[in-house]
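Ligands are counted one by one from 1 in listed order, and the atoms in each one are counted from 1 as well. Just so it is clear, the values below take in all heavy atoms, side chains as well, and ignore hydrogens, waters and symmetry mates. FYI, the numbering just counts along the sequence from 1.
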Amino acid sequence: MFKVLFTPGQIGGMTVQNRIVMPALHLNYSPDGAVNARIINYFRERARGGPGLIIIGGCAVDDLGPAPLMIRVDHPRFLPGLSELAAAVKAEGVKIAAQLYQAGRYTYSAVTGRQAVAPSAVPSRLTRETPRELTVVEIREIQASFVRAALLLKEAGFDAVEVLASAGYLISQFLSPLTNQRSDEYGGTMENRMRFGLEVVEKIKEAAGAGFPVLVRVAGNDFMPGGNTNDEAVIFCRALEAAGADCLNVTGGWHETHVPQTTMSVPPGAFSYLARNIKMAVNIPVIACNRINDPLLAERLLAEGSADFIGMARALIADPGLPAKAKGGRIAEIRKCIGCNQGCMDHVFSLQPVTCLVNPQVGREEETVLTPVSVPKKVLVVGGGPAGLEAARVAALRGHRVTLWEKSDRLGGQLNLALVPPGRGDFRHLITYLAGEAERLCVTVCLNKEATAAEILAADFDACIIATGSLAVKPDLPGVDGANVVQARDILAGRAVTGRKVVVVGGGAVGVETALYLARQGALDADSLFFLLQTGAEKPETLARLAARGHKEVTLVEMAQGLGRDVGISTRWTLLADLRRSGVTTHDKTTVTAITPEGITALKDGEEIFLAADTVVLATGSAADDALFCQLEGKMAGLYLLGDACRPRKALEAMHDAFNLAASV
Ligand code: SF4
């Protein structure tokens, strides 16, 4: 099955046991810049899974350009923790590198207490701040910080370092004409704009020695209008090779780009062409990254020559055991990253510790080691949604004898609806994983099984976990029971259809995604788009419109200010852009007052408005379905309420609550 993925690879003089690299992903685990037990446990767990190389970080090289809660490598006092971490990872046979981070104009003044620095004083859309221009003396000082950091890491026992030159951080700011408006030797021509980054690499190589590998994280395309493209990336990468770089780790665009880089809507492997084009131009190894969540995809990219190594960051957050499972042929047991960003990227940007929707143990590896039970209990789980399935998995793992009753004909609960809107299909991986684990762990699953209190009480279960989910809320509105009114859940489940003119009421995640789903009905599918593009049948701009819009007129109405406010920060902007591209008309701060057979009336800015509709779709929230729990409460021991049945929230909270509960039953 794997001809390349598990063969050793070479980065400079460093032999890496296989082609899986875990790239740096900020964790928010270090309040004081030092490596601590939490960080060591997190990376030890990833190393035990058996990748070839782990890159930690980013790691701040100075106090001018750090991010909050970041590992720091700018003082010898950090040496003991770094040494312990390096030893822990290397003890598992895995190589370890650290990413050298300087954010330049992406630095928040609130973090450093002073104005950010950059090649030029160009305002940042990320921080909403304007940096000041660096002097040449300061440029040399920052380069020296990179070198000192590399030497510190070498002393700590790290096998290599990676210079961060992508995503809009300091080195890419020098590289881009958008942010580098200097007229000295560090600005102007491409040769001058490359100089800062090339000198950083040269100086590290000179100081640390030719035998100490230096990787460089590059943007394969900045995806910034007027910025560097894949063509300039190729020129930069050739120059990096000449400057002594040992490996190029190719990612996508800047944080300010309008092209989504990491969301579920990005097709797995979509950006591998960036690495492939660079690989064709250089002789040093290249790592391909971004949304590669599947070892079979990784193998294909390697086999077809797109890259020499595959970067899997979130894939190894979601399942640290991925390399070992793949190598052992246990593909079906892999808990795939679904690209939701809820526990990782959204937490990075909101300064919370990184965790994971599909893996509730992330960041608390030591305290969540499951203890086998000495006396197995007979455990009943009612409800086969994510909470029920995760509870069943964890209880079964601990040795309990678990039965799961699901009233519908399939497992997955609301995940089956969440995966329907465009770009949300990867939720199916979580259902597949949890259902597969239920089978592997011998959970007795009964579908089409409606639980009643009488039957549960008559049975002899030692514990009963009620995870019966939620019910759609019907607002108290005139006309809400009309024949033209349907619930969003029924649309997504295929139980209802709409007319051509649709008003969706409720602009939370469900409303936004349902509106998008309806607006795309009748749009070109991927195969048709490819065919029409290849044959030149239509102009690209016509195809873009046909792919984004179907034939329905969809309007989305939300009472509060803003749409999709319950969607994570890393995904929300992409959904809102999709709404615009798909032609959905939106009204926020608009309160629906009545539904009629012809549409809805609403209040907006104190004025009554009328929106015509053949169908009105309700996406007005959920309420806990705890009726069964209430019937059982006080009548049996070992009764638990879980997931949306307790309080409707995101799948991340449901999964984490389920893990915690089942770990202690
Ligand atoms: Fe992947 Fe979501 Fe987990 Fe992040 S939180 S690692 S995107 S599954």
Side-chain angles (χ1 to χ4, degrees), residues 20-29 42-43 45-46 49 51 54-56 251-252 255 260-271 289-295 297-298 310-323 325 333-365 368 386-387 389-390 393 412 414-415 418-419 421 423-434 436-437 509 513 566-575 649-659:
I20 299 175
V21 174
M22 184 177 192
L25 194 146
H26 190 37
L27 295 170
N28 283 342
Y29 289 173
Y42 168 89
F43 281 114
E45 184 71 10
R46 267 83 213 153
I54 289 177
I55 306 171
I56 70 152
T251 181
H255 286 307
Q261 305 292 299
T262 61
T263 50
M264 200 185 288
S265 58
V266 177
F271 292 122
C289 295
N290 287 54
R291 276 282 277 151
I292 303 175
N293 60 352
D294 179 343
L297 171 61
I310 301 297
M312 298 179 126
R314 291 178 299 165
L316 297 194
I317 293 178
D319 192 345
L322 181 149
K325 289 177 184 175
E333 291 176 37
I334 292 172
R335 180 171 41 199
K336 273 189 184 175
C337 165
I338 59 174
C340 66
N341 283 345
Q342 284 185 24
C344 52
M345 306 305 283
D346 290 342
H347 277 209
V348 169
F349 290 119
S350 58
L351 302 184
Q352 298 175 72
V354 160
T355 180
C356 176
L357 186 155
V358 304
N359 181 358
Q361 292 177 280
V362 172
R364 45 188 201 136
E365 281 73 15
T368 56
L389 282 168
E390 175 68 356
R393 181 186 78 87
Q414 288 209 58
L415 292 176
L419 62 78
R424 308 301 279 167
D426 270 18
F427 275 117
R428 75 180 183 282
H429 295 315
L430 182 53
I431 304 175
T432 304
Y433 167 74
L434 291 170
E437 286 298 279
E513 292 184 345
D566 52 344
V567 181
I569 184 172
S570 65
T571 299
R572 180 171 177 260
W573 66 273
T574 71
L575 282 177
R649 283 169 300 162
K650 289 184 178 177
L652 184 145
E653 281 100 12
M655 290 283 291
H656 284 229
D657 287 354
F659 181 96

>> Working to the nearest 0.5 angstrom, can you tell me the gap between K325 NZ and R335 CZ?
In response: 6.0 Å
>> Within this structure, what is the NE2-OG distance for the pair H255 and S570, rounded to the nearest 0.5 Å?
In response: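 Those atoms lie 11.5 Å apart.
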> Close to atom 3 (Fe) of ligand 1, meaning under 2.8 Å, how many protein N, O or S atoms are there?
Replying inline: 1
> So which pairs with a foot in residues 343-358 pass salt bridge (Lys or Arg N to Asp or Glu O under 4.0 Å), sequence neighbours left out?
Replying inline: none
> Regarding N341 and T262, is there a side-chain donor-to-acceptor distance under 3.5 Å anywhere?
Replying inline: yes
>> Tell me whether D566 is salt-bridged to K650, with the criterion being a basic N under 4.0 Å from an acidic carboxylate O.
In response: no
> What are the two closest heavy atoms between C289 and G311, and how far apart are they?
Replying inline: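 Taking C289 first and G311 second, the nearest heavy atoms are SG-CA, 4.0 Å.
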